[in-house]
Amino acid sequence: MTLIAVMGVMACKKEAPDFTDNSTPTNGDYITFTANFGELASKTAATYDDASKKLTLSWEAGDQVGVYSSQTPILFKASAAGASTTLTSNVKVASASSYSAVFPYMTDALMEDGALVATVPSEQTASPDEPKYHIAVAKTSSNAFAFKNVTAAVRLDVKAENITKIVVSGNKGENLAGKISVNPENASISGVTAGVPEVAVVPAPGASVINAGIYYVSIIPQTLSEGFTVTYHYGANSDRQESTDPIYMDGNTLIVCEGFGTAVEGSQSNPFTVGSVEDLKGLSAKLVSNLPNYVVMTKDIDMTGETAWTPISNSRTSENIPEIHFDGKGYSIKNFAPTSCTAADDGTQAGFFGTLCGSCKNVNFTGVAMAVTSNTAGVLAGFIGVEGRVQTWVSNVSLSGTMGGKKVSGGFCGTITNALVENCTTSLVITATDAECGGFAGRLASDVKFVGCSATGSVTGTRAAGCFAGGSNTTSSAPVNPGKIEFVRCVATGNVTGTYQLGAFVGHIHTENVSMTDCYATGNVTTTGTQESRAKQIGGLVGVNSGAQLSVANCYYKGNISGAYIEAAGILGVDASGSSRIQNSFAIVDMTCHASASKQNGGIIGCARATSAEVTNCYAEGTITSQGAIGAIIGEAQTTSTVKNCKHNTELNVIGAETVAATQQNNAKISESEAADYATPSKIATKLGWSTTVWDLSGTAPTLK
């Protein structure tokens with residue numbers, strides 16, 4: 001079974017509560033409201049679309065809404081069906097500066113200090129195809145309500161006939177039901193009291209079993225860090241369907257569960273099996289678009305001779321991409337060496353997968369010798385992740401060999417978005433003839449997190465190249481709402497060669513929010529560009545930040561940087577726009593500029609010309625050979641910059657040149673008496689206060705535990 005978080009719309013049709021239409025009248029007027037759906041859509045009829053995993057929006061005539069001008073609700077009813085409706089009541093409503101509303105009408109849902117207090121029940125009666133316990137709220141200072149979801153939903157497809165109870169529970173005992181306090185303006189939950197860790201679905205009154213059908217369970221939105229479990233009870237027996245993958249829920253999340261009571265091929269309980277090249281070739285034809293597809297390997301597969309490859313799931317059109325969960329079971333794909341890949345809709349995405357949406361884990365690619373000319377290519381997939389779909393998870397996957405591509409080329413993928421990558425390794429010699437190439441990804445698009453991953457080998461490209469990743473959301477491909485890119489406990493140890501925007505870790509970042517925590521790189525970076533017309537932005541960790549809110553903490557670089565006309569530094573070559581915060585980090589770097597033209601080179605930042613740059617509690621050492629502006633910490637500060645509590649071992653000024661006056665506090669060259677504390681990289685890390693629960697500082701250089 002899978003439990004899949006899908007961003008979508010949902011709501012409920014709830015059985016009519018016991019009520020009377022003679023609510024206490026007030027000294028006010030008869031008011032009519034309009035009601036529709038805001039950006040977080042709320043109510044819907046029970047019409048489910050398999051492809052999008054969304055429920056269709058629709059009010060129904062007679063739907064009951066509670067409207068608050070004081071503490072208690074007044075009953076309003078929807079006058080017509082459709083995406084919007086009119087709400088009317090037969091009682092007067094006191095005039096107020098704003099009104100709040102809740103769907104469905106609940107007599108026990110009260111307004112207390114501006115918050116709605118309601119209950120998500122721990123026992124919910126089975127009602128086929130009807131998410132009747134869902135809650136939506138709205139607030140307005142006019143006469144128009146735009147409802148937003150409060151609860152998330154679990155969709156259960158029951159195919160067995162003898163189920164007596166269904167229990168939904170978080171794997172860490174999270175509270176899924178209970179009394180909640182809700183902000184009616186944005187639907188956020190501010191508190192949970194009398195929380196209950198399980199929600200039980202029971203038969204309808206007078207029935208002894210839950211008949212086959214589709215059922216919806218309403219639960220409190222939250223992060224279920226270890227997934228959750230659905231237990232089906234039948235008589236004295238029970239069966240569990242469990243997912244341990246993290247599930248991230250908000251009020252727009254619909255979790256779709258595998259059907260219970262069948263063993264359809266491709267389900268988690270009866271997955272597709274692959275043990276040969278022919279099995280792999282026939283896999284795409286078996287995949288369906290309206291269900292999760294599970295695949296397991298049964299043995300190592302040798303792909304020698306398969307030079308013309310048709311990628312599995314060979315599409316980049318969202319509605320045509322099946323959800324696939326591929327488990328290698330520790331086996332290997334050997335000698336994957338395509339020289340061409342079959343094109344599909346909207347272009348070619350070269351890789352073992354064309355587009356991977358779902359998950360891939362526990363598989364090794366050995367003897368890779370991929371050499372293609374496609375614009376988007378990766379050994380594992382051309383694309384990993386699909387925006388607006390389930391978050392793709394890649395875990396315990398390793399790659400080794402060689403990979404050649406054109407542009408947007410990476411060891412794991414060309415482009416990655418909406419994905420979590422954990423405990424993966426790549427050891428590849430990568431060569432790209434154009435821009436954006438990296439050991440893991442050529443291009444990082446949006447909402448991507450790497451945890452405990454390492455890249456080694458070497459990367460050669462032109463623009464935006466890095467041992468770990470090439471470019472992050474370059475302007476040519478930026479999505480409308482770029483999200484966060486995170487690197488946590490990741491390593492890059494290979495050399496990088498190219499023309500400009502190069503980094504031993506990542507070449508170019510252009511994303512809303514990028515963070516690097518407890519990471520390091522040790523490869524050399526060399527630019528082959530010889531033209532002065534474009535500065536060669538080179539960094540030990542990042543070549544250039546051209547738009548991100550960049551945060552670097554507890555990271556280091558050790559290596560050499562060289563080339564002509566370079567703007568370079570041990571951590572960040574150029575802070576071009578956005579802002580950068582570098583703290584508790586260090587660089588041991590020798591830099592050589594082979595041209596006489598003035599450029600900016602520094603121990604931590606080469607040129608700071610963004611909105612703001614701040615370097616705190618950092619250390620830099622090494623030599624800088626350049627005729628431009630050079631500084632121990634920052635080469636040139638062209639806009640507001642701050643350097644605090646930093647040390648270095650050079651004869652240079654902390655900042656080489658200041659176009660705009662910088663703030664400098666408590667910075668200095670280390671004294672002779674301090675030299676022993678900075679004698680090795682591990683001693684430097686100790687001095688900066690790095691955690692020994694994360695880092696092994698017993699050797700000469702820090703390594704991750």
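Only a predicted model underlies this, so the values are computations on that prediction, with no experimental measurement involved.
- The side chain to side chain contact (heavy atoms under 4.5 Å, CB included) test with Leu572 singles out one residue from Leu541, Ile605, Val552, and that residue is Ile605.
- Put simply, the residue from Thr663, Asn667, Ile604 that forms a side chain to side chain contact (heavy atoms under 4.5 Å, CB included) with Val643 is Asn667.
- Atom CD of Glu567 sits about 9.5 Å away from atom NZ of Lys536, to the nearest 0.5 Å.
- In this structure, Phe352 and Ile333 have side chains that are in contact, with non-hydrogen atoms separated by less than 4.5 Å.
- Using cut-offs of 30° and 60° for the angle between ring planes, the Tyr556 and Tyr520 rings count as parallel.
- The line from CG of Leu502 to OG1 of Thr526 is 9.0 Å long, rounded to the nearest 0.5 Å.
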All N/O donor-acceptor pairs, side-chain side in residues 486-496, below 3.5 Å, sequence neighbours left out:
residue	atom	partner	partner atom	Å
Thr493	OG1	Thr456	OG1	3.0
Asn495	OD1	Asn524	N	2.8

Quick one: do Arg581 and Thr616 satisfy side-chain hydrogen bond (donor to acceptor under 3.5 Å, both in side chains)? Show the steps, please. CA-CA 8 Å; Arg581 300 289 181 269; Thr616 306; over 6 Å; no
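- With a 4.5 Å cut-off on side-chain heavy atoms, Leu704 and Trp695 count as touching.
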Can Thr517 and Ser515 be said to form a side-chain hydrogen bond (donor to acceptor under 3.5 Å, both in side chains), step by step? CA-CA 6 Å; Thr517 307; Ser515 64; 4.8 Å; no
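- For the atom pair SG (Cys555) and CG (Asp518), the distance works out to 6.5 Å, reported to the nearest 0.5 Å.
- Within 6.0 Å of NZ in Lys705 there are more than 12 heavy atoms belonging to other residues, nucleotides or ligands.
- In this structure, the side chains of Thr426 and Val379 stay at 4.5 Å or more apart for every pair of heavy atoms.
- Of all heavy-atom pairs spanning Val525 and Ala504, the tightest one is CG2-N, 3.5 Å.
- Side-chain atoms of Thr348 do not come within 3.5 Å of backbone N or O of Ala350 as any donor-acceptor pair.
- When side chains are defined from C-beta on, Phe440 does not count as touching Val448, because their heavy atoms never get closer than 4.5 Å.
- Defined by atom type and a distance below 3.5 Å, a donor-acceptor pair is present between the side-chain atoms of Ser691 and Thr693.
- With hydrogens and angles disregarded, no donor-acceptor distance shorter than 3.5 Å links the side chain of Thr497 to the backbone of Thr460.
- The shortest distance between side-chain heavy atoms of Pro681 and Ile588 falls below 4.5 Å.
- No donor-acceptor pair under 3.5 Å is formed between the side chain of His648 and the backbone N or O of Ala620.
- Without hydrogens or angle criteria, Ser332 side chain to Asp300 main chain gives no donor-acceptor distance under 3.5 Å.
- Taking each heavy atom of Ala377 and Met370 in turn, the nearest pair found is CB-CE, 4.3 Å.
- In this structure, the separation between NZ on Lys683 and OG1 on Thr700 is 9.5 Å, given to the nearest 0.5 Å.
- Counting only residues at least two apart or on different chains, the salt bridge (Lys or Arg N to Asp or Glu O under 4.0 Å) pairs with a member in residues 639-650 are Lys647-Glu674.
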Under the criterion side chain to side chain contact (heavy atoms under 4.5 Å, CB included), I'd like the reasoning laid out for Glu621 against Ile670: C-alpha separation, chi angles, the key distance, then a yes or no. CA-CA 10 Å; Glu621 72 172 60; Ile670 61 172; 6.0 Å; no
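- Lys361 has no carboxylate O lying under 4.0 Å from a charged side-chain N of Glu422, or vice versa, which leaves the two without a salt bridge.
- Using a 4.5 Å heavy-atom cutoff, the side chains of Glu651 and Lys669 are in contact.
- Taking every heavy atom of both residues into account, Ile247 and Met249 meet most closely at CG2-CG, 3.6 Å.
- A donor-acceptor contact shorter than 3.5 Å is absent between the side chain of Thr623 and the backbone of Asp590.
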I would like to know whether Ser579 and Gln549 meet side-chain hydrogen bond (donor to acceptor under 3.5 Å, both in side chains); could you show each step before the answer? CA-CA 5 Å; Ser579 64; Gln549 305 296 310; 2.6 Å; yes
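- In this structure, Leu224 and Asn171 have side chains that are not in contact, with every pair of non-hydrogen atoms separated by 4.5 Å or more.
- Taking the ring centroids of Phe353 and Phe326, they lie under the 6.0 Å cut-off.
- Counting only N and O atoms by type, the side chains of Asn617 and Asn645 include no donor and acceptor under 3.5 Å apart.
- Across Cys467 and Val459, no two heavy atoms sit closer than the pair CA-CG2, 3.9 Å.
- Atom CE of Met516 sits about 4.0 Å away from atom CZ of Phe505, to the nearest 0.5 Å.
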Could you give me the CA-CA distance, side-chain angles and deciding distance for Val574 and Arg609, then say whether side chain to side chain contact (heavy atoms under 4.5 Å, CB included) is met? CA-CA 8 Å; Val574 178; Arg609 54 173 177 261; 3.6 Å; yes
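- Atoms CG and CZ, from Asp434 and Arg463 in turn, are 7.5 Å apart once rounded to the nearest 0.5 Å.
- Between the side chain of Ser641 and the backbone N or O of Thr639, at least one donor-acceptor pair lies under 3.5 Å.
- Exactly one of Asn423, Asn364, Val363, Asn362 qualifies for a side chain to side chain contact (heavy atoms under 4.5 Å, CB included) with Ser398. That residue is Asn364.
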Yes or no on side chain to side chain contact (heavy atoms under 4.5 Å, CB included) for Cys607 and Lys599, after CA distance, side-chain angles and deciding distance? CA-CA 9 Å; Cys607 182; Lys599 298 299 172 190; over 6 Å; no
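- In this structure, a donor-acceptor pair under 3.5 Å is absent between the side chains of Thr417 and Arg443.
- A donor-acceptor pair under 3.5 Å is formed between the side chain of Asn418 and the backbone N or O of Arg389.
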Would Gln627 and Cys593 count as a side chain to side chain contact (heavy atoms under 4.5 Å, CB included) if you check the C-alpha gap in whole Å, the side-chain angles of each, and the deciding distance to 0.1 Å? CA-CA 8 Å; Gln627 295 186 13; Cys593 180; over 6 Å; no
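- In this structure the side chain of Met403 reaches within 4.5 angstrom of the side chain of Ile430, judged on heavy atoms.
- In this structure, the side chain of Thr392 engages the main chain of Gly358 through a donor-acceptor pair within 3.5 Å.
- In plain terms, the two heavy atoms of Ala521 and Gly540 that are nearest each other are CB-O, 3.8 Å.
- The backbone N or O of Ile684 lies less than 3.5 Å from no partner atom in the side chain of Thr686, so there is not a single donor-acceptor pair.
- The nearest pair of heavy atoms linking Asp575 to Ala613 is OD2-CB, 3.4 Å.
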